[in-house]
K.L.:
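My questions will all concern the structure given below.
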Amino acid sequence: METIAMIPTYNEASNIKNVIGDVLNCGIDIEVLIVDDMSPDGTYKIVEDMAKTNPKVHLLLRKEKRGRGYAGKDGFKKAIEMGAKYIVEMDADGSHSPKYLPGFRDMMQSCDVVIGSRYVNGGKDEERTVLRQIVSNMSKWYLGFVLGVKIKDPTSGYRMFKKEVLEKFAGNLKANDPFIVTEVIYYLKKFGFTIKEYPIEFLSRASGESKLKPWTLVKYLFKVLRLKVTPQASS
């Protein structure tokens, strides 16, 4: 296996079959690792059934310490163990189109990490309400100022990493919620990994409700200071 897509899930039963199918048919050598927190809607049962007939579908079922951050950390560690050269992190709600993965893969030849970006030339955010525009612009400026990262879309959770990158700090991740996205950016900056951004169109989720509200993003900005002022473990 060259690439694996690590996808945390919680109550994504209505989307998961299509998402897995689209990833596996995106045009590159890729497998899928679903990291599910015992979704009450039975998401993991659907994945279990798919895995029985498709060896490219894998399930990591988590029963303790639930949360997006913990799922991401465990998913990264499992993907590393599985031996993939490249590890993708993406959402299961249909907002991250797998059609960009071949472009990510090509760009990886000249960097350590590729971020799917709404705000570089060619990118687009279908859901950009005025409030989200304000939050996104504030987040970009704030993360650049506090952490010193020069990324146009630092809050994007659609990313591809070389395995060696995640091996460096995956064990140090502590966030239990979506703040893990920013925590990863902190470590990418800390260890000096090269980052490039690839233009994507961020789509409306296929179904269900978003688990991340604008005011939650604002709250996360205060956590950034903790990353900056609290010594983090080195790997």
Side-chain angles (χ1 to χ4, degrees), residues 1-9 12 15-36 43-44 46-48 50-62 68 71-118 120 122-123 151 153 156-171 173 180-181 184-185 187-188 191 193-203 206:
M1 155 192 10
E2 181 181 67
T3 307
I4 191 159
M6 188 280 292
I7 309 177
T9 57
E12 300 289 357
N15 304 318
I16 198 62
K17 276 190 177 181
N18 289 336
V19 169
I20 292 175
D22 289 346
V23 171
L24 295 179
N25 291 297
C26 73
I28 61 174
D29 177 15
I30 191 167
E31 299 188 14
V32 174
L33 171 63
I34 300 299
V35 184
D36 190 82
T43 301
Y44 65 94
I46 296 172
V47 179
E48 281 179 335
M50 295 181 72
K52 290 175 183 177
T53 58
N54 192 332
K56 291 189 175 183
V57 177
H58 311 273
L59 173 66
L60 175 60
L61 188 59
R62 303 180 63 259
R68 172 63 179 85
K73 178 178 178 178
D74 287 350
F76 285 146
K77 292 168 70 175
K78 182 64 176 179
I80 291 169
E81 292 174 8
M82 294 173 71
K85 184 176 181 182
Y86 302 106
I87 298 169
V88 175
E89 174 189 22
M90 62 188 296
D91 291 342
D93 59 12
S95 60
H96 296 156
S97 173
K99 72 179 182 180
Y100 300 111
L101 291 175
F104 282 22
R105 176 64 185 81
D106 290 341
M107 188 174 276
M108 289 295 292
Q109 300 306 304
S110 57
C111 63
D112 298 312
V113 182
V114 170
I115 294 177
S117 178
R118 296 162 285 185
V120 294
I151 302 171
D153 197 353
S156 172
Y158 193 9
R159 307 181 282 198
M160 179 180 284
F161 308 86
K162 288 181 178 176
K163 180 180 70 171
E164 294 79 12
V165 171
L166 292 176
E167 285 177 328
K168 188 72 176 176
F169 61 78
L173 297 172
I180 188 175
V181 172
V184 167
I185 292 293
Y187 281 109
L188 295 179
F191 292 115
F193 291 114
T194 56
I195 304 169
K196 288 191 175 181
E197 294 181 84
Y198 189 94
I200 65 167
E201 179 180 3
F202 184 86
L203 304 172

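None of these values were measured; they are calculated from a predicted model.
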K.L.:
Test side chain to side chain contact (heavy atoms under 4.5 Å, CB included) on Asn15 and Thr9; report intermediate values, then the result.
P.N.:
CA-CA 10 Å; Asn15 304 318; Thr9 57; over 6 Å; no
K.L.:
First locate atom CG of Leu59, then atom CD1 of Ile7, and finally report the distance between them rounded to the nearest 0.5 Å.
P.N.:
12.0 Å
K.L.:
Rounded to the nearest 0.5 Å, how far does NZ of Lys17 lie from CD of Glu12?
P.N.:
15.5 Å
K.L.:
As an exercise, state the distance from CD1 of Ile28 to OG1 of Thr3, rounded to the nearest 0.5 Å.
P.N.:
4.5 Å
K.L.:
How far does CD1 of Ile4 sit from CD1 of Ile87, to the nearest 0.5 angstrom?
P.N.:
8.0 Å
K.L.:
Could you tell me which non-hydrogen atom of Ala170 sits nearest to which non-hydrogen atom of Phe76, and how far apart they are?
P.N.:
CB-CB, 4.2 Å
K.L.:
Tell me whether Glu89 is salt-bridged to Arg68, with the criterion being a basic N under 4.0 Å from an acidic carboxylate O.
P.N.:
yes
K.L.:
For the residue pair Val19 and Ala92, what are the closest heavy atoms and their distance?
P.N.:
CG2-O, 3.4 Å
K.L.:
Indicate yes or no for a side-chain donor-acceptor contact from Asp22 to the backbone of Pro98 under 3.5 Å, with no hydrogens or angles considered.
P.N.:
no
K.L.:
Of all the heavy-atom pairs spanning Pro199 and Gly122, show the shortest one and how long it is.
P.N.:
CB-C, 3.6 Å
K.L.:
Does any N or O in the side chain of Tyr100 come within less than 3.5 Å of the main-chain N or O of Glu201, such that one atom is a donor and the other an acceptor?
P.N.:
yes
K.L.:
Output all residues satisfying side chain to side chain donor-acceptor pair (under 3.5 Å) with Glu197, sequence neighbours left out; order by chain, then residue number.
P.N.:
Ser117
K.L.:
Between the side chain of Asp91 and the main-chain N/O of Asp93, is any donor-acceptor distance below 3.5 Å?
P.N.:
no
K.L.:
Are Leu60 and Asp74 close enough, and set up right, to give a side chain to side chain contact (heavy atoms under 4.5 Å, CB included), and what steps lead you there?
P.N.:
CA-CA 9 Å; Leu60 175 60; Asp74 287 350; 4.1 Å; yes
K.L.:
NE2/His96 to CZ/Arg159 distance, rounded to the nearest 0.5 angstrom?
P.N.:
9.5 Å
K.L.:
How long is the gap from CD1 on Ile80 to CG on Leu166, to the nearest 0.5 Å?
P.N.:
5.0 Å
K.L.:
Would you tabulate the side-chain donor-acceptor contacts of residues 101-116 under 3.5 Å, counting partners in other chains and residues two or more places apart, or write 'none'?
P.N.:
| from | atom 1 | to | atom 2 | distance (Å) |
| --- | --- | --- | --- | --- |
| Arg105 | NE | Glu2 | OE1 | 3.1 |
| Arg105 | NH2 | Glu2 | OE2 | 2.9 |
| Ser110 | OG | Met107 | O | 3.2 |
| Ser110 | OG | Lys196 | NZ | 2.7 |
| Asp112 | OD2 | Thr194 | N | 2.9 |
| Asp112 | OD2 | Thr194 | OG1 | 3.0 |

K.L.:
Could you tell me whether the side chain of Asn54 and the main chain of Met50 form a donor-acceptor pair under 3.5 Å?
P.N.:
no
K.L.:
For the pair Phe193 and Phe169, name the ring-plane relationship: parallel under 30°, tilted 30 to 60°, perpendicular over 60°.
P.N.:
tilted
K.L.:
How close do Met6 and Gly72 get, heavy atom to heavy atom, and via which atoms?
P.N.:
CE-O, 3.9 Å
K.L.:
Looking only at heavy atoms, which two atoms of Ile185 and Ile151 are closest? And how far apart?
P.N.:
CD1-CD1, 3.9 Å
